[in-house]
Engineer: 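This structure is in structure tokens; I'll ask about it shortly.
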Protein chains: 2
Amino acid sequence: MYRVDPNRAYTIAEIAEQTGLSPDTLRYYEKIGLIRPPERGYSGQREYSAIDLGKIVFVTYLRNTRMPLKKIQEYIAAYNEQDEEKCYALLDEHRVSVEAEIAEWTATLELLKYKLEHFQEVKDGRLSKGELQHESE
Amino acid sequence: MYRVDPNRAYTIAEIAEQTGLSPDTLRYYEKIGLIRPPERGYSGQREYSAIDLGKIVFVTYLRNTRMPLKKIQEYIAAYNEQDEEKCYALLDEHRVSVEAEIAEWTATLELLKYKLEHFQEVKDGRLSKGELQHESE
DNA sequence: ATTTGACTTGGAGTTCGCTCCAGCGGATAT
DNA sequence: ATATCCGCTGGAGCGAACTCCAAGTCAAAT
């Protein structure tokens, strides 16, 4: 996807550029233990390796699935312990919650569509479904 | 739906009971101007009328559509100004955002399913799609 | 030599929608 | 009379995921 030189150090700005995360977010992820602290250069600045970059990109992949940061932490912990079953289980658990989310939003949409379809009737008082009514001042 | 005596005053606990909102939430909604302050009894306690109850139930209907509180405020303002077009427009706008939400979650689900389907191959190194890979320590 | 710019830190602030709390007054039950 | 509720207020806290800031260091460019 990107041209990555494995023998180079990357600044935080470069990592931000490559991953689409902001430098602040990168430091934040580091602070909460989501990504490993990179090496530091002479003057204390972060020097990310290509390996660091790879790991951060990986985190963004999980984030793309809207996995909560806490769950990503769990995933990474399982990954580091080479617990493939747990990794799979975490992904699958997450899938279940995503499906629940979709179900809820879909129900919401249906409700909204109902309100929209019956809007005129409700306004005219031809329908007394209640959902769009409340008494006037 | 509920038996409501229009000539009675309701305590905050009764309103909470009827609407499923907590007393704290009712006071909060009042504080942010989402619901009109009810009358107060002798000792300063809130005395909601059946009309108040109706309006609060109406707010819960909008909240059931996951409409943000700010948008509900706008809706109520439009309603009070009898601006039906704006009311309709706000609902429709909200429908669009709900549809966007569903689209995003659906894309997320597809991505997750992809990861799950190819989990074994990625683990085995038979697939180099990248999305589930990151270099090891 | 000086300005500009990138980076550092710890910590505060943001948004959303509540939820909880201390410290009070007043009502109800025994 | 006392214990127990219910309700009141203003304000703090929460959780998620950032985002911003001041004050400092350091390096590069002019």
Side-chain angles (χ1 to χ4, degrees), chain A residues 8-35 37-49 52-53 56 59-76 94 97-98 100-101 104-105 108, chain B residues 8-49 52-53 56 59-76 94 97-98 101 104-105 108:
Chain A
R8 234 190 92 210
Y10 294 86
T11 66
I12 198 166
E14 287 170 325
I15 300 294
E17 163 99 59
Q18 296 285 314
T19 61
L21 300 171
S22 75
D24 265 325
T25 299
L26 286 164
R27 283 186 286 251
Y28 169 69
Y29 280 4
E30 187 182 325
K31 186 153 62 180
I32 65 170
L34 197 56
I35 61 185
E39 297 296 311
R40 295 302 181 108
Y42 167 65
S43 60
Q45 286 172 229
R46 289 171 178 79
E47 291 187 345
Y48 294 89
S49 69
D52 290 328
L53 176 55
I56 295 166
V59 166
T60 69
Y61 288 147
L62 289 180
R63 205 71 199 67
N64 285 346
T65 72
R66 296 186 173 199
M67 187 181 277
L69 299 186
K70 283 209 174 144
K71 202 141 206 165
I72 296 179
Q73 279 176 351
E74 275 188 76
Y75 189 99
I76 288 173
H94 181 50
S97 72
V98 168
E101 199 69 43
E104 283 172 36
W105 279 110
T108 291
Chain B
R8 236 190 89 210
Y10 296 85
T11 67
I12 199 166
E14 288 170 323
I15 299 293
E17 163 98 60
Q18 295 286 313
T19 61
L21 300 171
S22 75
D24 266 326
T25 299
L26 285 164
R27 283 186 286 254
Y28 169 70
Y29 280 5
E30 188 184 324
K31 185 154 61 180
I32 65 169
L34 197 56
I35 62 185
R36 211 189 42 166
E39 296 297 311
R40 294 302 182 108
Y42 166 66
S43 61
Q45 285 173 228
R46 289 171 178 78
E47 291 187 344
Y48 295 88
S49 70
D52 290 330
L53 175 55
I56 295 166
V59 165
T60 68
Y61 288 148
L62 289 180
R63 202 82 244 309
N64 285 347
T65 72
R66 297 185 173 198
M67 187 183 277
L69 300 188
K70 282 205 177 153
K71 203 141 205 165
I72 296 179
Q73 279 177 351
E74 276 188 73
Y75 189 100
I76 288 174
H94 180 49
S97 73
V98 169
E101 199 67 42
E104 284 172 35
W105 280 110
T108 290

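Any value given below was found using the heavy atoms of this structure, including those in side chains, with hydrogens, waters and symmetry copies removed. Here is how names work: the chains are called A, B, and so on, in the same order as the sequence lines, proteins then strands, and each is numbered from 1.
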Engineer: Less than 4.5 Å apart, any side-chain heavy atom of A:L34 and any of A:L69?
Structural biologist: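 The answer is yes, as the side chains (C-beta and beyond) meet within the 4.5 Å cut-off.
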Engineer: Give the nucleotide from the list C:dT19, D:dG7, C:dA27 with an atom nearest to the side chain of B:Y42.
Structural biologist: C:dA27
Engineer: For A:L21 and A:R27, take the nucleotide of DNA chain D holding the closest heavy atom to each; which residue's nucleotide lies nearer the 5' end?
Structural biologist: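 With A:L21 and A:R27 compared, the 5'-side residue is A:L21.
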Engineer: Taking the nucleotide of DNA chain C with the closest heavy atom to each, which residue, B:M67 or B:S43, is nearer the 5' end?
Structural biologist: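 Checking each residue's closest nucleotide, the 5'-ward one belongs to B:M67.
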Engineer: Give A:R66 one of three labels, base, sugar-phosphate or nothing, depending on what nucleic acid heavy atoms sit under 4.0 Å from its own.
Structural biologist: nothing
Engineer: B:Y28 side chain N/O closer than 4.0 Å to the phosphate oxygens (OP1, OP2) of C:dC20?
Structural biologist: no
Engineer: Please check: side-chain N/O of A:H94 versus main-chain N/O of A:K71, any donor-acceptor pairing under 3.5 Å?
Structural biologist: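 Side chain of A:H94 to backbone of A:K71: no pair is present.
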Engineer: So does B:E101 pair up with B:R66, basic N to acidic O under 4.0 Å?
Structural biologist: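 Judged by the 4.0 Å cut-off on N to carboxylate O distance, B:E101 and B:R66 do not form a salt bridge.
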Engineer: By nearest atom, which of the nucleotides D:dT19, D:dG7, C:dG17 is closest to the B:T11 side chain?
Structural biologist: D:dG7
Engineer: Where the side chain of A:Q18 meets the backbone of A:I15, is there a donor-acceptor pair that is under 3.5 Å apart?
Structural biologist: no
Engineer: May I have the distance from A:K31 (atom NZ) to C:dG11 (atom P), rounded to whole angstrom?
Structural biologist: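 After rounding, the reported distance stands at 9 Å.
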Engineer: Any idea which of C:dG17, C:dC18, C:dG11 is nearest the B:P68 side chain?
Structural biologist: C:dG17
Engineer: Check every strand shown and say whether A:K71 touches a base, only sugar-phosphate, or nothing at a heavy-atom separation below 4.0 Å.
Structural biologist: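 Contact class for A:K71: none.
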Engineer: Report the nucleotide, chosen from D:dC8, C:dT8, D:dG11, that has the shortest atom-to-atom distance to any side-chain atom of B:I12.
Structural biologist: D:dC8
Engineer: Choosing from D:dG7, D:dC8, C:dG11, which nucleotide comes nearest the side chain of B:R40?
Structural biologist: D:dC8
Engineer: Which nucleotide in the list D:dT9, C:dA27, C:dT19 gets nearest to the side chain of B:S22?
Structural biologist: C:dT19
Engineer: Report yes if at least one side-chain N or O of A:R46 is closer than 4.0 Å to OP1 or OP2 of C:dT8; otherwise report no.
Structural biologist: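 Yes.
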